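Everything numeric in this text was worked out from a predicted model, so none of it was measured. Note: hydrogens, waters and symmetry copies are ignored here, and every other heavy atom, side chains too, is used.
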Amino acid sequence: MLLHADLNQRAAVHAPALDWTASPLPGVERRLLHRVGAEVAQATSIVRYAPGSQFSAHAHGGGEEYLVLDGVFQDEHGDYPVGSYVRNPPGTRHTPSSAQGATIFVKLWQFDPQDRRQVRMCFEQLAPQSDRDRPGVKVSSLYQDANEDVRVETWPAHAVVTLDLPQGGEFLVLRGGFAEGGEAFAAQSWLRLPARSRLLAEAGAEGAQVWAKLGHLKHLAQLALPGTA
């Protein structure tokens, strides 16, 4: 499957408007945002776990990164409430589940093969920092290395927010919403802008809280896809 596979093109998905599609495991459903491959794929998705559902134990050949959007996600290492951000690098293994149900935003097979840094944190517990170059914008840093900068940004109501993206960027609305390129982005809407572009967004009347990953598209384009390494 190829879905928004061309990283040189703008891509936008309003996930709440999509139907849920079944995964191979009962009670686990997905909304696909970006995918290159079959069942084992380089993928960006929103995944919903029904109460009491469990995914089979599995290893992360290409790494897994996720953010909990709703409910409580779990594995043998702990419980992850709303706002939890987790990076499981290549070679890690777990058995994910949710006793009460959960919705997560997840990215697969998008790690540097040599990355072994595990991250488990909750951004709700961080103290956001003011962005000195963009008045009113607050930033909570989740992860940063030579390839990418992952953060949560909070934009005030009706703010016009700009951001240069020399190596591209992805954005997922967590709360509130914004307008960009003539489109309105509400909660769980996803936007990817290519390298050498510029974000020009206007927050809505409630402002916006946005997960962002910046600077990673060149790195992503160079990664071996599942089954090709």
Side-chain angles (χ1 to χ4, degrees), residues 3-15 31-36 42-46 62-67 69 83 85-87 104-112 115 119 123 126 128-156 159-204 207-223:
L3 177 64
H4 296 131
D6 187 348
L7 302 179
N8 294 311
Q9 299 296 318
R10 177 186 182 274
V13 180
H14 303 286
R31 285 171 167 162
L32 307 182
L33 309 179
H34 148 245
R35 197 170 187 91
V36 183
Q42 182 184 94
T44 303
S45 312
I46 293 176
E64 172 194 62
E65 171 187 19
Y66 66 83
L67 183 70
L69 305 177
Y85 174 70
V86 176
R87 293 176 68 94
I104 66 173
F105 170 70
V106 60
K107 298 177 72 65
L108 301 172
W109 284 88
Q110 299 181 40
F111 275 59
D112 185 312
D115 187 346
V119 175
F123 79 80
L126 301 177
Q129 304 298 307
S130 297
D131 187 325
R132 64 182 181 182
D133 296 322
R134 294 178 297 160
V137 173
K138 302 281 189 178
V139 176
S140 296
S141 179
L142 306 183
Y143 179 83
Q144 189 170 18
D145 65 12
N147 296 315
E148 62 192 68
D149 178 352
V150 186
R151 56 180 56 189
V152 170
E153 294 198 355
T154 302
W155 304 342
V160 175
V161 178
T162 61
L163 190 62
D164 290 327
L165 302 169
Q167 295 299 338
E170 285 182 55
F171 307 88
L172 179 78
V173 181
L174 304 181
R175 297 179 188 136
F178 65 84
E180 186 277 342
E183 289 186 70
F185 290 80
Q188 297 189 20
S189 289
W190 173 80
L191 171 68
R192 189 184 69 209
L193 296 176
R196 297 179 297 281
S197 63
R198 188 172 193 249
L199 174 71
L200 174 57
E202 182 175 352
Q209 185 181 63
V210 180
W211 175 94
K213 182 193 278 279
L214 312 175
H216 63 301
L217 295 188
K218 179 179 179 181
H219 162 74
L220 186 59
Q222 295 170 343
L223 291 178

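With contacts defined as side-chain heavy-atom distances shorter than 4.5 Å, the pair F185/F171 does not qualify. Counting heavy atoms from C-beta outward, V173 and F178 have side chains that approach closer than 4.5 Å. Annotation: side chain of L126 is not in contact with side chain of V152 (no heavy-atom distance under 4.5 Å). At least one side-chain heavy atom of L193 sits less than 4.5 Å from a side-chain heavy atom of L191. Put simply, the side chain of Q167 does not reach to within 4.5 Å of the side chain of H216, judged on heavy atoms. The side-chain heavy atoms of L214 and L163, taken from C-beta on, include a pair separated by under 4.5 Å. Between Q110 and H219, the closest side-chain pair of non-hydrogen atoms is not below 4.5 Å.
For T162, the side chain to side chain donor-acceptor pair (under 3.5 Å) test picks out no residue, with sequence neighbours left out. Shown here are the side chain to side chain donor-acceptor pair (under 3.5 Å) partners of N8, two or more places apart in sequence or in another chain: there are none. Applying the salt bridge (charged side-chain N to carboxylate O under 4.0 Å, His left out) test to R87 and every residue at least two apart in sequence or in another chain returns E65, D115, E148.
A pairwise comparison of heavy atoms in S45 and L32 identifies OG-CD2, 3.7 Å as the closest pair. Taking all atoms of both residues into account, the shortest heavy-atom contact from P156 to G136 is CD-O, 3.2 Å. Contact between L67 and G83 at its shortest, heavy atoms only, is CD1-O, 4.0 Å. Closest approach of S189 to H14, counting heavy atoms only: OG-ND1, 3.1 Å. Nearest heavy atoms, A208 versus G177: CB-O, 3.4 Å.
Within the structure, the salt bridge (Lys or Arg N to Asp or Glu O under 4.0 Å) test picks out the following pairs touching residues 134-144 (sequence neighbours left out): D131-R134, R134-E153. Among residues at least two apart or in separate chains, salt bridge (Lys or Arg N to Asp or Glu O under 4.0 Å) pairs with a member in residues 165-193 are R10-E180, R10-E183, K107-E170, E124-R175.
At least one donor-acceptor pair closer than 3.5 Å links the side chain of H4 to the backbone N or O of L33.
In summary, the side chains of S141 and Q129 do not present any donor paired with an acceptor at a separation below 3.5 Å, with no hydrogens or angles considered.
The line from CD1 of I46 to CD of Q188 is 4.5 Å long, rounded to the nearest 0.5 Å. Rounding to the nearest 0.5 Å places NE2 of H34 at 8.0 Å from CG of L3. For the atom pair OH (Y143) and NZ (K213), the distance works out to 8.5 Å, reported to the nearest 0.5 Å.
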*Would you check, one step at a time, whether the test side-chain contact (heavy atoms from CB on, under 4.5 Å) holds for V86 with I104?*
CA-CA 11 Å; V86 176; I104 66 173; over 6 Å; no
*Start with the C-alpha gap between W155 and V210, add the side-chain angles, then the distance that decides, and say whether side-chain contact (heavy atoms from CB on, under 4.5 Å) holds.*
CA-CA 8 Å; W155 304 342; V210 180; 4.1 Å; yes
*Would you please test D112 and D145 for side-chain contact (heavy atoms from CB on, under 4.5 Å) and show each step?*
CA-CA 11 Å; D112 185 312; D145 65 12; over 6 Å; no
Show me the donor-acceptor pairs within less than 3.5 Å that the side chains of residues 194-202 make with the rest of the protein, sequence neighbours left out.
unit_1, atom_1, unit_2, atom_2, d
S197, OG, P194, O, 2.5
R198, NE, D164, OD1, 3.0

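Among W190, Y66, Y85, W211, the single residue meeting the ring-ring contact (aromatic ring centres under 6.0 Å, His included) criterion with F105 is W211.
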